[in-house]
**Student:** 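I'd like to ask some things about the structure below.
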Amino acid sequence: MGASALAGIAHWVDHSRVATITLTFTLGAALAFPTALYPACQMARRFDTGRRFACFFLALGVATVGFTALVFAFQYVASVASWHEGVSLHDLADWLLFTTATALYQFAVLGLRLYFPYGLLALFAFGLWFATRLR
């Protein structure tokens with residue numbers, strides 16, 4: 001998934017941002033893979049190959065997008081946190097909630113496009129591979 005993101009933003013001039021975004025997508029996928037693989041294997045054991053593919057495709061896809069969005073939100077909150085000093089605990093909770101919601105929205109609008117087309121092809125290939133190898 002990091003390579004898919006890199007393919008979409010390799011033309012950018014700011015190489016530090018390219019590296020950060022590529023690392024974000026790589027870390028999100030690395031966290032999602034083991035988290036999604038075990039439940040997908042347990043769920044897919046009782047199905048035929050077509051349904052096993054659907055289990056793996058859905059589990060790996062949702063977990064990858066979810067964990068990458070979470071990593072992006074952590075980075076976003078950390079970068080914006082330096083702007084807010086001396087706030088109360090109530091204000092901090094509100095700020096954290098709205099900042100995280102903003103980060104997730106920004107990832108949905110700007111980040112999801114970096115999964116296409118290479119990330120989707122990789123997800124299809126891994127889903128098919130795991131569906132045919134499961135016994």
Side-chain angles (χ1 to χ4, degrees):
M1 292 305 161
S4 177
L6 182 61
I9 60 174
H11 63 280
W12 287 7
V13 175
D14 190 357
H15 295 293
S16 65
R17 287 191 185 189
V18 170
T20 301
I21 292 171
T22 303
L23 185 62
T24 299
F25 276 73
T26 303
L27 182 60
L31 291 171
F33 184 74
T35 306
L37 191 59
Y38 180 73
C41 283
Q42 297 304 317
M43 190 172 33
R45 286 195 190 282
R46 59 181 176 252
F47 295 129
D48 61 335
T49 305
R51 289 186 181 177
R52 282 191 294 211
F53 170 74
C55 285
F56 284 111
F57 187 83
L58 186 63
L60 289 171
V62 168
T64 301
V65 169
F67 274 99
T68 306
L70 189 65
V71 171
F72 180 81
F74 284 150
Q75 287 179 334
Y76 190 89
V77 167
S79 68
V80 174
S82 63
W83 303 346
H84 299 280
E85 296 178 11
V87 295
S88 68
L89 187 59
H90 177 71
D91 292 339
L92 182 65
D94 284 345
W95 171 82
L96 189 60
L97 174 74
F98 289 117
T99 305
T100 303
T102 302
L104 294 176
Y105 173 75
Q106 186 175 359
F107 178 78
V109 171
L110 299 173
L112 287 179
R113 68 178 177 85
L114 297 177
Y115 286 117
F116 299 102
Y118 304 115
L120 188 62
L121 290 174
L123 182 62
F124 185 82
F126 274 105
L128 191 60
W129 185 46
F130 284 121
T132 56
R133 294 201 63 206
L134 186 67
R135 295 173 199 220

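Numbering starts at 1 and runs along the sequence shown. Here the structure is a predicted model, which is why all the values come from computation and not from measurement. The figures here come from the full heavy-atom set of this structure, side chains too, leaving out hydrogens, waters and symmetry mates.
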**Student:** Could you give the side-chain donor-acceptor pairs of residues 13-21 under 3.5 Å, partners two or more places apart or in another chain?
**Tutor:**
unit_1 : atom_1 : unit_2 : atom_2 : d
Asp14  : OD1    : Ser16  : N      : 3.4
Asp14  : OD1    : Ser16  : OG     : 2.8
Asp14  : OD2    : Arg17  : NE     : 3.3
Thr20  : OG1    : Ser16  : O      : 2.9

**Student:** Taking all non-hydrogen atoms of both residues, which atom of Ala131 and which atom of Phe56 are closest, and how far apart?
**Tutor:**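 What the structure gives for the nearest pair is N-CD1, 3.9 Å.
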**Student:** Write down the atom of Met1, the atom of Gly119, and the distance for their closest heavy-atom approach.
**Tutor:**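 Distance-wise, the nearest heavy atoms are CE-O, 3.3 Å.
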**Student:** Taking side chain to side chain donor-acceptor pair (under 3.5 Å) as the definition, give me every residue that meets it alongside Ser4, ordered by chain and number, with sequence neighbours left out.
**Tutor:**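 Ser4: no side chain to side chain donor-acceptor pair (under 3.5 Å) contacts found.
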**Student:** Ignoring hydrogens, what is the shortest heavy-atom contact between Ala44 and Cys55? Give both atom names and the distance.
**Tutor:**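 Closest heavy-atom pair between Ala44 and Cys55: CB-CB, 4.0 Å.
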**Student:** For Phe33 and Phe130, take the angle between the two ring planes, folded into 0 to 90°, and tell me which bin it lands in: parallel under 30, tilted 30 to 60, perpendicular over 60.
**Tutor:**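 Tilted.
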**Student:** First locate atom CG of Leu120, then atom CZ of Phe124, and finally report the distance between them rounded to the nearest 0.5 Å.
**Tutor:**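 It comes to 9.0 Å.
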**Student:** I need the minimum non-hydrogen distance between Ala30 and Pro34, along with the two atoms involved.
**Tutor:**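 For Ala30 and Pro34, the tightest heavy-atom pair comes out as O-CD, 3.1 Å.
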**Student:** Assess, by modelled atom type and distance only, whether the side chains of Tyr115 and Thr64 contain a donor and an acceptor separated by less than 3.5 Å.
**Tutor:**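 No pair is found: no donor N or O on one side chain lies under 3.5 Å from an acceptor on the other.
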**Student:** If you round to the nearest 0.5 Å, how far is CG of Leu6 from OG1 of Thr22?
**Tutor:**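 If we round to the nearest 0.5 Å, Thr22:OG1 and Leu6:CG are 4.5 Å apart.
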**Student:** Do Phe72 and Val77 sit in the same hydrophobic cluster, where Ile, Leu, Val, Met, Phe, Trp and Tyr count as joined when their side-chain heavy atoms come under 4.5 Å apart?
**Tutor:**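 In one cluster: yes.
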**Student:** How far apart are the closest heavy atoms of Ala69 and Leu104, and which atoms are they?
**Tutor:**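 What the structure gives for the nearest pair is O-CD2, 3.7 Å.
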**Student:** CZ/Arg133 to CG/Leu128 distance, rounded to the nearest 0.5 angstrom?
**Tutor:**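 Rounded to the nearest 0.5 Å, the CZ-CG separation comes to 12.0 Å.
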**Student:** Can you name the nearest heavy-atom pair linking Gln75 to Thr24, along with the distance?
**Tutor:**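 Smallest interatomic distance, heavy atoms only, reads OE1-OG1, 2.7 Å.
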**Student:** Apart from Phe47 itself, what residues make up its hydrophobic cluster when side-chain heavy atoms of I, L, V, M, F, W and Y under 4.5 Å apart count as a link, directly or indirectly?
**Tutor:**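 Members alongside Phe47: Met43.
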**Student:** Do Phe107 and Val80 sit in the same hydrophobic cluster, where Ile, Leu, Val, Met, Phe, Trp and Tyr count as joined when their side-chain heavy atoms come under 4.5 Å apart?
**Tutor:**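 The answer is yes; both residues are in one hydrophobic cluster.
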**Student:** Would you give the length of the straight line joining atom OG1 of Thr26 to atom CG of Leu31, rounded to the nearest 0.5 angstrom?
**Tutor:**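 So the OG1 of Thr26 and the CG of Leu31 are separated by 11.0 Å.
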**Student:** Does Tyr76 have more than 12 heavy atoms from other residues, nucleotides or ligands lying within 6.0 Å of its OH?
**Tutor:**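 For Tyr76, atom OH is crowded (more than 12 foreign heavy atoms under 6.0 Å).
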**Student:** I need the Phe126 CZ to Leu60 CG distance, nearest 0.5 Å.
**Tutor:**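 That separation rounds to 8.5 Å.
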**Student:** Give a yes or no on whether Val65 and Tyr118 share a hydrophobic cluster (residues Ile, Leu, Val, Met, Phe, Trp, Tyr; joining criterion: side-chain heavy atoms under 4.5 Å apart).
**Tutor:**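 In one cluster: no.
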**Student:** Do Leu112 and Trp12 sit in the same hydrophobic cluster, where Ile, Leu, Val, Met, Phe, Trp and Tyr count as joined when their side-chain heavy atoms come under 4.5 Å apart?
**Tutor:**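 They do share one cluster, since a chain of ILVMFWY contacts under 4.5 Å joins Leu112 to Trp12.
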**Student:** Going hydrophobic residue to hydrophobic residue with side-chain gaps under 4.5 angstrom, can you get from Phe67 over to Phe25?
**Tutor:**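 Shared cluster, no.
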**Student:** Could you tell me the separation between the OG1 atom of Thr102 and the CG atom of Leu97, rounded to the nearest 0.5 Å?
**Tutor:**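 Reported to 0.5 Å precision, the distance equals 9.0 Å.
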